[in-house]
Amino acid sequence: MAVYEIVHVAVAPPDVLEPDLIKKVAAIADKSPYETRLLLARKTPGIIAHYRSIQTAESVARSLRDLGLVAIVCKDSELRKTTQGFRACAVEFGEKEVLFRDRGNGVRRIGPGDVFLILKGRVETHTKREAIRTRMKFNLPATVLTGGIPIWSRVKEKTEDSSVRTESFVRLYGLTSPEPEVEIFQHDFNYSFLGMKTASSSLTNLNTLITELRNEFPQAVFDGRLTELFVEGIPLATLEGGLEINCKLIYLCHRCLHLTM
């Protein structure tokens with residue numbers, strides 16, 4: 001029995017969403033104009049069709065590109081592949097390169113022309129922790145034995161506390177891989193390099209760092225749409241879920257546009 005892998009076709013949202021364009025895309029993707037409009041009205045690239053053949057997917061993508069759209073083809077396994085990014089906690093700006101360090105003393109050196117995309121977003125981190133709590137429980141047998149005098153006993157119970165932390169992040173991508181070269185999280189970074197520019201807010205410090213990175217890599221594309229897309233409390237904003245896929249689709253669409261220029 002042949003084993004098929006789903007192949008996705010995704011498109012970047014057009015600058016202008018014209019009715020004629022919606023009709024043409026709907027016909028190519030075999031969808032209703034209403035559904036097509038919703039897909040094209042996204043802030044970020046979205047999957048518009050799924051196929052079992054890479055040849056069919058490539059043909060559909062070419063037809064969409066002929067309409068002036070940025071369209072990409074991506075296998076489902078590649079899109080869902082877990083990202084193993086270099087998580088930096090410190091940075092040093094040199095004359096010819098930027099040096100990033102992680103908590104395991106690993107080093108990543110990036111030259112001035114090695115960054116293609118700087119991607120900023122927000123994410124929710126969910127943490128669960130077991131805890132032992134003591135409470136007072138009415139002891140009925142002991143109360144009966146004392147002739148009705150209320151007796152209370154201390155009881156220990158195991159509970160599970162959960163917490164949610166929202167933070168911003170930034171990723172640096174090269175041109176050859178959808179895996180980020182470096183990723184930095186707001187609450188897990190040493191901002192001492194900022195010196196007198198250091199603020200009391202970690203988000204302000206992260207934004208200052210991003211400005212420094214954009215100055216260091218002026219040729220890189222900057223994309224902050226995932227910050228706008230974030231809605232607190234919605235599972236889409238977890239790296240384990242839809243946000244990781246959104247990061248890859250944004251990168252792939254920027255690369256497709258770059259290669260066709």
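Along the sequence shown, residues are numbered consecutively beginning with 1. FYI, side chains are in, hydrogens and waters are out, and symmetry mates aren't considered; it's all heavy atoms of this structure.
The hydrophobic cluster containing Phe193 also contains Val115, counting ILVMFWY residues as joined when their side-chain heavy atoms lie under 4.5 angstrom apart, directly or transitively. Side-chain heavy atoms closer than 4.5 Å link hydrophobic residues (I, L, V, M, F, W, Y) into clusters, and following such links, possibly through other members, connects Ile54 to Leu64. Linking Ile, Leu, Val, Met, Phe, Trp and Tyr whenever their side-chain heavy atoms come within less than 4.5 Å leaves Leu117 and Ile110 in two separate clusters. Cluster membership for Leu175 and Leu249, using ILVMFWY side-chain heavy atoms within less than 4.5 angstrom, is shared. Both Phe116 and Leu226 belong to a common hydrophobic cluster when Ile, Leu, Val, Met, Phe, Trp and Tyr are linked at side-chain heavy-atom distances under 4.5 angstrom.
Taking the six-membered ring for Trp, Tyr191 and Phe189 have ring centres closer than 6.0 Å. Note: Phe86 and Phe100 fail the aromatic proximity criterion, with ring centroids not under 6.0 Å apart. Close placement of the Tyr173 and Tyr251 rings is indicated, their centers lying within 6.0 Å of each other.
A donor and an acceptor atom, one from each side chain of Gln55 and Ser53, are located under 3.5 Å apart. Using modelled atom types, one finds a donor on one side chain and an acceptor on the other under 3.5 Å when comparing Asn207 with Lys120.
For the residue pair Val182 and Ala88, the shortest heavy atom distance occurs at CG1-CB, 3.8 Å. Counting all heavy atoms, side chain and backbone alike, Phe169 lies closest to Arg122 at CE2-N, 3.5 Å. Pairing each heavy atom of Pro45 with each of Asn246, the nearest pair is O-OD1, 4.2 Å.
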**OP:** Run the numbers on Glu183 and Arg108 for salt bridge (Lys or Arg N to Asp or Glu O under 4.0 Å), then give the verdict.
**Re:** CA-CA 11 Å; Glu183 58 182 4; Arg108 183 65 55 88; over 6 Å; no
Which atom pairs, one a donor and one an acceptor, fall under 3.5 Å between side chains of residues 253-261 and the rest of the protein, sequence neighbours left out?
| from | atom 1 | to | atom 2 | distance (Å) |
| --- | --- | --- | --- | --- |
| His254 | NE2 | Asp223 | OD2 | 2.8 |
| Thr260 | OG1 | Cys256 | O | 3.1 |
| Thr260 | OG1 | Leu257 | O | 3.0 |

List the atom pairs, with distances to 0.1 Å, where a side-chain N or O of residues 71-79 and a protein N or O form a donor-acceptor pair under 3.5 Å, not counting sequence neighbours.
| from | atom 1 | to | atom 2 | distance (Å) |
| --- | --- | --- | --- | --- |
| Asp76 | OD1 | His8 | NE2 | 2.7 |
| Asp76 | OD1 | Arg80 | NE | 3.0 |
| Asp76 | OD2 | Arg80 | NE | 3.1 |
| Ser77 | OG | Glu5 | OE2 | 2.3 |

Acceptor/donor pairs from residues 9-30 side chains to any protein atom, 3.5 angstrom cut, sequence neighbours excluded:
| from | atom 1 | to | atom 2 | distance (Å) |
| --- | --- | --- | --- | --- |
| Asp20 | OD2 | Lys24 | NZ | 3.3 |

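The list of side chain to side chain donor-acceptor pair (under 3.5 Å) pairs with a residue in residues 86-104, not counting sequence neighbours, reads Arg87-Asp188, Glu92-Arg101, Glu97-Arg109, Arg103-Asp188. The side chain to side chain donor-acceptor pair (under 3.5 Å) analysis of residues 59-70, with sequence neighbours excluded, yields no pairs.
Side chains of Leu172 and Pro180 form no contact here, defined as non-hydrogen atoms less than 4.5 Å apart.
Side-chain atoms of Asn190 do not come within 3.5 Å of backbone N or O of Ala90 as any donor-acceptor pair. Remark: the backbone N or O of His187 is paired with a side-chain donor or acceptor of Glu167 at under 3.5 angstrom. In this structure a side-chain-to-backbone donor-acceptor pair under 3.5 Å is present from Asn215 to Thr211.
Grouped by direct or indirect side-chain proximity (heavy atoms under 4.5 Å, Ile/Leu/Val/Met/Phe/Trp/Tyr only), Tyr34 sits with Leu38.
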